[in-house]
Amino acid sequence: MKTTMNIHLAQRLIIIDTDAWQSLELYLNALKKYFATQESGDEIYADIENRVSEIMNQQLKSGKVSISNDDVAEIIEKVGDLKTLGIVEENTIPNENINTTATNSNATNNQNGNTNQQYNIGKKRLLRNGNDKIISGLCSGVANYLNIDPIWVRLVFLFLLLPAGIGFLAYILGSIFIPKSYDAVFNAKRLFRDTDNKVIGGVCSGIAAYINTNPNYIRVLFLSPIIISIIASGGHHWHNNDAAGFVNVPFFGIYILLLILLPKAKSASEKLQMRGEQVNVNSIRNQVNGNAAPRIQNSSAGSIIGGIAKLFMYCIIGFFLFVISMVGIALFSSGTVVMQFSDYLFRNGHQTMLANFGWILFCGIPIIFVILLIVKKVNGRSDYLPSNTFSYLGLAWIFGLFCLIALSREFYKDFKFSKTLPAIANTTNAFTSNTMRVKLATKTIDDALMIGNVSGIHLMDDSAIIGNVSIKIEKSVDENYHYSTSLFTRGNSDADINTRLQNVQYTPLVSDSTMVLPLGYVLKKGQLWRGQKINLTIYVPEGKQILIEDAVDNNYSSIELNTNPGNFNIHSYNDFDYDTDKWYTMKANGLYNENDELEKKQSDVEDAKEELEQAAEEVTSQIEEAKEEIKNGLEEAKDELTRELANENTPLSKEDVDVMKNKISKLQSNLDSLQLKLDVNKNVLIDKAKEALEKAKQKLEEKKTK
Amino acid sequence: VLHSTKFYFIFALSKTNKKMEAQENIKSQLKKGVLELCILSVIQSGEEAYPSDMLEQMRNAELHIPEGTLYPILTRLKNAGYLNYRWVESTEGPPRKYFTLTAEGETYCNLLQIGWLDLSKSVNQIIQTKSSNH
């Protein structure tokens, strides 16, 4: 089925097939652009347009239903294309400057014989390029101005964006101040994605078309790090290979980057441009008719390479999507928790707005992105999405990121200064009991009133109780228990800090032998949380006991229990683990728990015992060794003697007797030395054992006196 | 005209490899070189001329040119003051341009015609001498 359309061409109504119109429009635009550069070009173009419409009008009058593609081809033949027309002029046309790509203006506007449109050919002006845009067309506009492939400008902008955001600012400013035009089209050879020969996104085949080679070479190049690492590791855990991973990531990154940044070669002229072929009416007609550069036939090796590439790409993309969505969901849900406290976190509407935008856009968009991708993949269509959806999502995400950066700058200022109000040693609250049990106040808040309770923070309609309290235990200077509190806060100025310090209220209740700690300090709505912290110090007199209940530890976000002297933190130093719900006694050297002490002494004795056993074992083994040695020596001597005696049967000469005598005396001396060795060893060993024993004893004694 | 003809002759020869193609090309180049003369002559022969009619007339004389080449030449001749045109209302479509020669155009046309006749005579003579030598 052919669709036709009605067009007004030079004040005549023409019925034309849609595809025929496309090639005609291409042709007319090419002429229009060319003649715009000539003197009185508008007039010439109008004449030609008039003639074309006249011919078509005649054809229709002669009984044709509509103008077909063949008719258009015939007309172009008759009237002449740029090649034949151009040569007639005195200044021959520089072929590569002829722009034959259809512009985006609507058909009727173009074809009313309205030839007053101004062209800026020759006069260079920086304009954003609406024909070729990813976000606002700035990069392709700059590329057009510099007459280079837009991909290079885009890459430069992207790298400027990464470290300092200069590129981002420049981009926003450029998008606002540089006007947009639809006239400019980059005509020279250009890197596209070749989706006709694609396996994944046509990046490799596009590069191949650009440098005029087989796409499989490029594919193998992209896959090579993976292949090499598989071969190098013999197929085992190749994905754990650090070196391969290091190479894989940039290659994969480059592919994704090009996939996003490179446009698809959609139209005939773009496909020609991709291969660096001359774009004119003839070559376009060939391209459209399928005469030029047929689809590359894939060999079986090629399809295997393609299959591998596809598999890896989908695995990696799937993994990344999974990670992105998981991180997004995690951030989003933690955001919902944080936003509950927005009344206490954000100083003004500005900060709240930044936080809301930042959180929703930065965390939400990755989730939306993944959902859209999945929907698109499942449905296999995306036409229900407005065009550029993903670009705008990306832009919004970057906006969210900048909101968060702006917010963190604000927070940096708000938390910049800090001050600790010195603890006032309160002599009036001295308690004379022998024990002190530290409890947490029972929650008097109605659960229904509580909006949220997150690790020691109780949120209510009009206020929040925050349990940011640190407890320290020190030795009292007198016979009584004391406590003191010191307040800490951050803020953006001294005045800010001082007013905040005045607002912090925290008073433990002490009655007889129990100390009841509040759930935290109260923040009324409108009072901000800027790191306020209570440092509570409890002074325990020597010989008296203290116990901190488990509930306290659970409620307070930071509990450090320090002892005097040395000010060491029980939680992290010494093998002395502080436990809640356990009685500790304050001694000269710090806090001690009776049970802990007993356990420690027992383990000390065990240690000494073990040491002694080890020493004894060593001594016995050494004695055994010495014994063995002597035994061997004696055995040897015996053997020699028997051998000598066996020689008695032969007549003995004087020399023989001498030799024998010598040997015997030698043997004797050997034995003597062995005996001597044994004696010496014995003494040494005994001394060693004695020494070890003494040491162990001494240690035990030392421990005992402790 | 001679200059441009020569130029295109050399241009065409150096550009193309295939002999047939070269010949075809040369013919069209030569045609275009004398197009100005032809157009002026066609207009001179009648009272007034409408471009489509001019094309028709040239076609009758076995002179086939791409129609698009006509319009730039007409405009150029008009700008040079050799041609005039007037709008004539048409029953269908937009008004038509009918061209006439100005006095200057008349003189120019005559000069061109004389020049062409002289030139073609010389060229023919050269070609004939050349072919008889062979």
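A quick note: this is a predicted structure, and the numbers were derived from the prediction, not measured. Throughout, protein chains are lettered first and strands after them, A, B, ... in sequence-line order, and every chain is numbered starting at 1.
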Worksheet entry | side-chain contact (heavy atoms from CB on, under 4.5 Å) between B/T75 and A/D47, intermediate numbers included | CA-CA 9 Å; B/T75 308; A/D47 286 340; 4.1 Å; yes
Using side-chain heavy atoms (C-beta onward) and a distance below 4.5 Å, is B/S52 in contact with A/E54? yes
**Asked** Below 4.5 Å, heavy atoms only, C-beta onward: do B/E67 and A/I55 meet side chain to side chain?
**Response**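 Contact flag for B/E67/A/I55 side chains = yes.
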Toward chain A, the part of B/L55 with a non-hydrogen atom under 4.5 Å: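 For B/L55, side-chain heavy atoms alone lie under 4.5 Å from chain A.
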B/P66 and A/G80: which non-hydrogen atoms are nearest, and at how many Å?
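Heavy-atom minimum between the residues: CB-CA, 3.8 Å.
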Handout entry: Residue pair A/I48 / B/G68: nearest heavy atoms and the distance that separates them
Key =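 So the two residues come closest at CD1-O, 3.9 Å.
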Notebook entry, point to check: Relative to chain B, which segment of A/R12 carries a heavy atom at a distance below 4.5 Å: side chain, backbone, both, or neither?
Noted result: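 For A/R12, side-chain heavy atoms alone lie under 4.5 Å from chain B.
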- A/N212 atom CG: more than 12 heavy-atom contacts under 6.0 Å: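 No - once you tally the heavy atoms of other residues, nucleotides and ligands closer than 6.0 Å, there are 12 at most.
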